[in-house]
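A short write-up of the structure that comes next.
Reminder, nothing fancy here: chain letters follow the sequence lines and each chain counts from 1.
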Amino acid sequence: MRYGVVVFPGSNGDHDALMSVERGLGLEVVPIWHKDTSVGDVDALLVPGGFSYGDYLRAGAIARFSPIMGAVSEFAEQGRPVLGICNGFQILTEAGLLPGALLRNANLAFSCKWVHTRVETDRTPFTRGIDPGTVLRLPIAHGEGRFFAEPVQLDALEANEQIVFRYTDEWGMESEGSNPNGSSRHIAGICNLRGNVVGLMPHPERAYDALIGGDEGLRVLGAVVGHFMPMAAV
Amino acid sequence: MTITDTALREVALTRDEYAQIVLLLDREPTPVELGMFGAMWSEHCGYKNSRPLLTLFPSEGARVLQGPGENAGAVDIGDGLAVVFKIESHNHPSAIEPYEGAATGVGGIVRDIFTMGARPVALLNSLRFGPLSQARNRYLFRGVVGGIGGYGNSLGIPTVAGDIFFDDSYSGNPLVNAMCVGIVPHESIMRARASGVGNLVVLVGADTGRDGIHGATFASVENPEESHRGVVQVGNPFLEKLLLEACLEALHVDGVVAMQDLGAAGLTSSIVECASKGGLGIELDVARVSRRETGMTPYEVMLSESQERMLIIVREDGLPTLREIFDRWDLHSDVIGVVTGDGHVRVMDGSDVAADVPAVFFTDECPTYVRDGVESPAVIAARQQNLNAMVDVAPAEVVPTLLRLLGSHNICSREPVVRTYDHTILSNTVVPPLEGDAAVIRIKDTSKGLSVKTDCNPRFVYLDPFLGGQHAVAEAARNVSCTGATPLALTNCLNFGSPEKPDGYYQLKQAVAGMAKAAEALGTPIVSGNVSLYNESNDGPILPTPTVGVVGLLDDVQRHAGMAPSVGDVLYVLGEQRATLGGSEYLALIHGLVAGSPPGIDLTKEALVQSFVRDSIRSGLVHAAHDTSEGGLLVALAEMLIAARAGLDVDLSRIAALNDGRLDRGLFGEAASRVLVSCRPEQARKLEQAADEAGVMAIRLGTVSGTTLAMTGIGSVDLSALTDAWRSGLVNIEG
Amino acid sequence: MTDEQSTRNEARRRTYLAEVLVSLKPVVNDPQGLAIRDGLRSLGYDEVEAVRAGKYIRVTVDAESPEDARGRVTRMCDQLLSNPVTETYEIQLTPLADH
Amino acid sequence: MTDEQSTRNEARRRTYLAEVLVSLKPVVNDPQGLAIRDGLRSLGYDEVEAVRAGKYIRVTVDAESPEDARGRVTRMCDQLLSNPVTETYEIQLTPLADH
Ligand SMILES: Nc1ncnc2c1ncn2[C@@H]1O[C@H](COP(=O)(O)OP(=O)(O)O)[C@@H](O)[C@H]1O
Ligand SMILES: [Mg+2]
């Protein structure tokens with residue numbers, strides 16, 4: 001299988017995304033330029049982190065209108081796997097491919113540290129094969145990661161099994177102090193109704209090697225391989 | 001001569017200097033020329049006071065590929081790669097507008113690195129503020145930290161190390177020094193030397209506005225708040241990111257012969273540097289410069305310090321490819337001029353000549369001043385103060401004193417600052433900030449790693465500039481050695497008060513001499529640097545602060561050390577066992593004194609201890625190391641235990657005995673050449689033997705275990721109390 | 001369009017300043033507003049009851065009439081300048097110089 | 001102050017909404033405004049001539065009179081809400097409910 005990484009002006013997580021897929025997973029991966037109008041021949045899309053268009057106005061607000069976004073939406077509508085990380089998550093919410101919004105962290109400060117996130121569902125291509133309840137240690141690095149949706153919508157997200165990751169402590173508990181940005185209901189990542197589009201604030205693509213602090217991000221990035229397995233088997 | 005004093009003050013030139021300009025030109029300068037001379041002959045660009053002193057620095061070495069004189073230094077790290085690095089100040093702009101001042105400081109140093117063709121891989125920052133008890137200092141602190149993070153995070157370059165220090169003298173005159181480290185294959189190193197008559201001069205990046213006009217001169221006068229107040233520069237990290245990517249591509253275009261960023265003194269400085277380094281001339285037309293504002297004069301265009309701009313010199317046949325790259329990144333590329341053979345910098349405004357001056361007049365003819373320095377009697381008196389007369393700390397006071405030191409702003413955890421800096425981006429960070437004495441990053445596609453740190457204890461420099469200069473170099477290098485890396489080379493930023501005052505000049509001269517001596521002794525050439533003088537406010541000059549940045553190399557990045565021992569490890573203190581209270585944090589915090597002679601430093605011993613620590617880390621004997629700096633042995637020990645989340649039973653009587661029986665000196669006194677290390681218990685004998693063979697004194701402190709620090713005959717304290725004290729220092733800096 | 005018509009249209013064209021005020025919806029937490037409120041109170045402004053922080057965007061547009069200008073800026077707000085999930089907006093229009 | 005006086009004063013007290021519009025000074029570089037302008041133009045809004053980005057802060061204060069309210073908010077602006085080095089501000093005042 002082959003990953004595509006969408007590169008916007010101001011993206012800065014593209015390097016890590018490419019490296020983690022290529023070196024961490026040993027999979028093929030290609031960058032996709034924001035001015036292109038086709039995603040080309042790829043099986044999964046990764047929208048990386050960074051400060052697309054400087055994050056001016058609102059994170060992701062300007063990037064969602066890039067020429068490539070039409071193709072990204074189409075890819076998503078076909079039910080194919082799309083993963084938005086950090087700024088990529090913000091872009092996907094701005095584009096309406098994911099519900100809710102990401103607001104300034106509750107403490108108003110950028111925050112870079114390793115956190116724990118609990119996998120809530122294995123129904124998405126990026127959590128396939130990971131037992132719900134599994135705790136992954138991943139870094140965060142953002143200033144606008146407070147997930148917001150109105151209470152009714154949050155209830156719907158829960159009911160529809162759209163919450164994919166929650167911030168917890170290392171034992172998987174949503175304890176006081178384990179929510180790094182004030183997100184509603186500790187939400188770290190969600191998916192669309194269909195489950196093929198996933199967004200999360202933590203950075204699996206920066207956790208692909210024990211030497212740099214951890215490799216548990218590979219489980220998220222690699223889960224999608226299993227997604228294609230049945231096809232490969234046919 | 002018709003020139004008025006006001007006109008001269010505007011460009012910060014003296015009447016003598018003006019006379020010299022007239023003599024050189026054999027006529028009066030035009031207004032644009034005068035502005036250009038003012039900028040180029042400022043301390044900031046021309047190094048009028050520091051140039052003669054800087055020749056003292058050793059700048060050569062087997063690995064040095066590029067020493068001072070280019071945008072940054074370059075050092076060979078094997079595998080065909082070079083590390084490119086430099087530190088630079090943005091003190092004056094940060095005093096006016098802390099967020100933007102610090103942000104544009106980061107932007108400027110990053111441009112210096114990619115101008116050399118290197119991809120930036122790490123940022124560091126060295127900060128100095130007045131006490132946070134004052135609202136203005138809190139405002140500056142928050143703004144500066146915000147700006148550093150804001151710009152660096154957005155660019156996607158990890159901020160991995162630095163240092164922060166507080167002292168009254170920085171109230172109203174904070175120091176913001178930013179360092180950037182990049183990596184480049186040898187053959188891609190780019191220089192800022194114009195070549196090829198007829199080649200085109202292309203300006204790329206941001207539009208030019210009236211930002212920061214007179215920034216260079218403004219950095220060279222006292223009390224900037226009251227004198228020149230140019231328009232505050234606002235940085236655009238988004239644009240810089242595009243510029244960075246586009247320039248690193250442009251580098252490979254056949255026909256690109258030079259790159260030069262636009263920093264202080266904007267277009268003026270870039271054009272002059274490129275022309276004079278290449279021994280050629282440049283003719284440019286200001287009318288071709290894209291503007292952000294209407295009605296700008298040639299003077300304003302030539303002196304604008306608008307950020308995120310770059311000058312590229314390219315052969316005509318390379319232009320289309322170059323343009324294609326910048327178009328793809330949505331950046332404009334304006335051909336503004338051409339390289340000429342007459343050695344003149346000629347500024348046209350359409351068909352009018354606004355300036356026409358041989359480039360070397362701006363550079364080689366810049367006057368230099370060698371002054372007489374005299375040490376301040378007050379400093380001599382402070383240094384000579386007899387500290388032996390002081391009452392020793394009572395055993396019962398040791399724990400409360402330790403807790404106070406751990407919570408003091410100069411010692412406490414930098415976590416609240418470091419959290420706001422992205423240190424994980426680029427997926428190279430092996431030892432992140434707070435987890436080691438210096439940061440370690442890996443170099444992808446090799447087995448190697450780099451270790452980086454900035455340091456300077458300004459109190460030592462104040463009390464004894466020659467000794468303090470040596471300490472700055474030794475401490476920075478020691479921190480790097482504590483990760484297992486071999487210090488390769490240095491960069492430095494000389495932050496001082498006015499050199500026109502005899503005691504200020506004395507400090508500068510002596511500190512430079514001390515740094516040179518230590519750099520020589522430790523085999524670490526100084527390959528780049530920056531000078532920031534006139535750091536004075538109404539309350540007087542800052543403490544002299546020659547910040548040193550060190551880059552070290554790990555051949556095998558897997559074999560590195562952090563500062564956290566494991567439970568069960570045996571702790572040792574290595575090297576110098578006699579400490580000094582002079583200039584210590586203990587003396588300042590507990591006794592309110594900045595006095596005494598700073599610790600002596602035996603550079604041979606320093607080199608020995610550092611190499612022993614490195615070797616022991618490489619051989620796997622030592623797996624955690626931490627040098628003892630502000631707060632002395634006990635603070636360093638506590639910091640290691642906090643990192644280990646474990647306690648220790650220790651008998652410190654031998655330490656006290658080695659310090660004439662004084663507890664204060666033994667536990668809180670400071671020393672060079674002293675490092676705490678930990679090793680597995682089964683290797684303890686081996687480490688002791690190795691130390692013995694190397695001639696390094698090693699005192700066994702005990703085994704890491706439990707949750708209290710228990711000191712025989714002194715008392716004990718819970719790890720949680722130590723941790724809380726250390727963690728709380730910079731939390732909740734409000735108002 | 002004839003030349004005459006185009007001249008007439010041109011004559012009516014003007015530049016307008018649209019001041020766009022973007023606010024967070026009441027249901028959205030506003031830590032920044034709270035921080036400003038606390039900051040003001042700690043400076044002694046006890047009379048401050050509440051603070052909400054939003055964005056102020058000045059857009060200078062070329063349009064045929066005030067209605068045209070408002071229509072255009074409204075579309076800009078819906079499309080880009082505000083996020084309907086979390087924000088509301090208000091537009092204040094002022095005609096500037098004639099063309 | 002007698003009780004009666006204090007009651008009279010109380011009676012005059014009101015809550016005011018001060019809408020503070022903070023702008024960057026015209027000569028200060030505004031990367032955010034430039035990015036929004038370019039964003040709008042790339043969406044086809046060629047009629048956009050310029051965009052400047054600023055802050056919109058809604059402060060609800062308790063004051064004795066409109067003048068009193070304006071005076072207080074002006075001081076807040078000078079002290080905290082705006083940065084005199086780079087910004088200017090404007091205050092729009094609306095009386096809210098009586099006390
Ligand atoms: N401004 C800063 N930015 C990033 N890291 C910092 C900064 N200041 C300190 N640090 C980090 O905090 C740790 C402790 O630094 P410091 O107190 O300077 O140590 P030492 O006293 O050993 O020199 C180091 O890892 C250092 O790199
Ligand atoms: Mg250290």
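- Enclosure of atom CD in A:Glu176 is not indicated, since only 12 or fewer non-hydrogen atoms of other residues, nucleotides or ligands lie within 6.0 angstrom.
- C:Leu34 does not touch chain A: none of its heavy atoms, backbone or side chain, sits under 4.5 Å away.
- Across every non-hydrogen atom of C:Pro31 and A:Ala106, the tightest pair is CB-O, 3.3 Å.
- Contact of A:Gln153 with chain C is not made at all, since no heavy-atom distance falls under 4.5 Å.
- Proximity to chain A (any heavy atom under 4.5 Å) is restricted, for C:Glu87, to the side chain, taken from C-beta onward.
- Of the listed residues C:Asn83, C:Asn29, C:Val28, C:Asp30, the one with more heavy-atom pairs under 4.5 angstrom with chain A than any other is C:Asn83.
- In plain terms, the two heavy atoms of C:Thr86 and A:Phe148 that are nearest each other are CG2-CD2, 3.5 Å.
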Tell me, with the steps shown, if A:Leu57 and C:Ile57 meet side chain to side chain contact (heavy atoms under 4.5 Å, CB included).
-> CA-CA 9 Å; A:Leu57 192 60; C:Ile57 307 169; 3.7 Å; yes
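- Neither the backbone nor the side chain of C:Val22 comes within contact range of chain A; no heavy atoms are under 4.5 Å apart.
- Within the 4.5 angstrom heavy-atom criterion, only side-chain atoms of A:Leu108, from C-beta onward, approach chain C.
- There is no contact between A:Asn107 and chain C, counting heavy-atom distances below 4.5 Å.
- Proximity to chain C (any heavy atom under 4.5 Å) is restricted, for A:Leu103, to the side chain, taken from C-beta onward.
- Checked by atom type and distance alone, the side chain of A:Arg58 pairs as donor or acceptor with a backbone atom of C:Leu81 at under 3.5 Å.
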